[in-house]
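Beneath this line is the structure, given in structure tokens, with notes to follow.
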Amino acid sequence: QLQLVESGGGLVQPGGSLKLSCAVSGFAFDYYSIGWFRQAPGMEREAVLCISGGGESSVYQESVKGRFTASRNYAENTAYLQMNTLKPEDTAVYYCAFVRHPSRAFCSEYEDEYDYWGQGTQVTVSS
């Protein structure tokens with residue numbers, strides 16, 4: 001079965017950086033998109049970024065624009081979320097999500113578009 005395993009979360013000081021990984025295994029599709037979502041305490045889960053099967057990235061939160069970058073390594077079947085200049089308000093559980101799509105440009109901010117989810121990884125930004 002298809003699985004997504006996340007890693008890279010942890011505790012970081014304001015202004016620091018983290019790089020999250022989302023390793024995909026057991027997939028049998030040529031094209032897929034990876035969405036990145038986060039959920040802060042007491043808040044609804046929100047879409048942050050998405051990277052399409054063709055490597056095109058979409059940003060869904062203005063607050064992370066210029067600080068967060070999504071990428072992927074096709075040979076390793078791994079997607080990455082580079083987070084720079086982290087702020088306390090970035091504290092949340094971060095999730096990656098998978099969806100197959102024949103369009104290399106497809107991305108979505110809607111949770112119900114995705115079929116598989118990572119287990120989540122905690123990111124805490126605090127002095």
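Note that the coordinates shown come from a computational prediction; the quantities given were computed from them, not determined experimentally.
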Check: Is there a side-chain contact between E6 and C96 (heavy atoms, below 4.5 Å)?
Finding: yes

Checklist line | Aromatic ring pairing F106/H101, orientation class (parallel under 30°, perpendicular over 60°, tilted between) | finding: parallel

Note to self: So C22 and Y94, do their side chains get closer than 4.5 Å, heavy atoms only?
What the structure shows: no

Next item on the list: State, to 0.1 Å, how close C50 and S108 come at their nearest heavy-atom pair, and which atoms those are.
Entry: SG-N, 3.7 Å

Checklist line | For V123 against M83, the heavy-atom pair lying closest together | finding: CG2-CE, 3.8 Å

Next item on the list: Check the hydrophobic clustering (I, L, V, M, F, W, Y; side-chain heavy atoms under 4.5 Å; chains of links allowed) and say if I51 and L2 are grouped together.
Entry: yes

Checklist line | salt bridge (Lys or Arg N to Asp or Glu O under 4.0 Å) partner of R38, the single match among E46, E89, E111, E44 | finding: E46

Check: Would a hydrophobic clustering, with Ile, Leu, Val, Met, Phe, Trp and Tyr connected at side-chain separations under 4.5 Å, put V5 with I34?
Finding: no

Check: Does any non-hydrogen side-chain atom of T124 lie less than 4.5 Å from one of V12?
Finding: no

Note to self: So F98 and V24, do their side chains get closer than 4.5 Å, heavy atoms only?
What the structure shows: yes

Note to self: Quick check: do F68 and W36 have side-chain heavy atoms less than 4.5 Å from each other?
What the structure shows: no

Next item on the list: Report yes or no: do Y95 and L81 belong to one cluster of Ile/Leu/Val/Met/Phe/Trp/Tyr joined by side chain heavy-atom distances under 4.5 Å?
Entry: no

Check: Got a donor-acceptor contact below 3.5 angstrom from the S52 side chain to the R104 backbone?
Finding: yes

Notebook entry, point to check: Of all heavy-atom pairs between S33 and Y114, which one has the smallest distance, and what is that distance?
Noted result: O-CE2, 4.3 Å

Next item on the list: Determine whether T91 and Q122 make a side-chain contact, defined as any pair of heavy atoms from C-beta on separated by less than 4.5 Å.
Entry: yes

Checklist line | Side chain to side chain, L20 and T121, heavy atoms closer than 4.5 Å | finding: yes

Notebook entry, point to check: Is there a side chain to side chain contact (heavy atoms under 4.5 Å, CB included) between Q13 and V125 once you walk through the steps?
Noted result: CA-CA 5 Å; Q13 294 184 342; V125 185; over 6 Å; no

Next item on the list: Answer yes or no on whether R72 is positioned over the face of Y32, meaning its NZ or CZ is under 6.0 Å from the six-membered ring centre and within 45° of the axis.
Entry: yes

Check: Are V59 and V64 side-chain neighbours, meaning at least one heavy-atom pair lies under 4.5 Å?
Finding: yes

Check: Do the side chains of W117 and V93 join up, straight or via other hydrophobic residues, at under 4.5 Å, putting them in one cluster?
Finding: yes

Checklist line | Any donor-acceptor N or O pair under 3.5 Å, side chains T78, N73 | finding: no

Check: Should we count OH of Y74 as having more than 12 external heavy atoms under 6.0 Å?
Finding: yes

Notebook entry, point to check: Where do R45 and Q39 come nearest, in terms of heavy atoms and distance?
Noted result: N-NE2, 3.8 Å

Note to self: Keeping Q61 on the side-chain end and K65 on the backbone end, is there a donor-acceptor pair under 3.5 Å?
What the structure shows: no

Note to self: Starting from L49, can I reach Y116 by hopping between I/L/V/M/F/W/Y residues whose side chains sit under 4.5 Å apart?
What the structure shows: yes

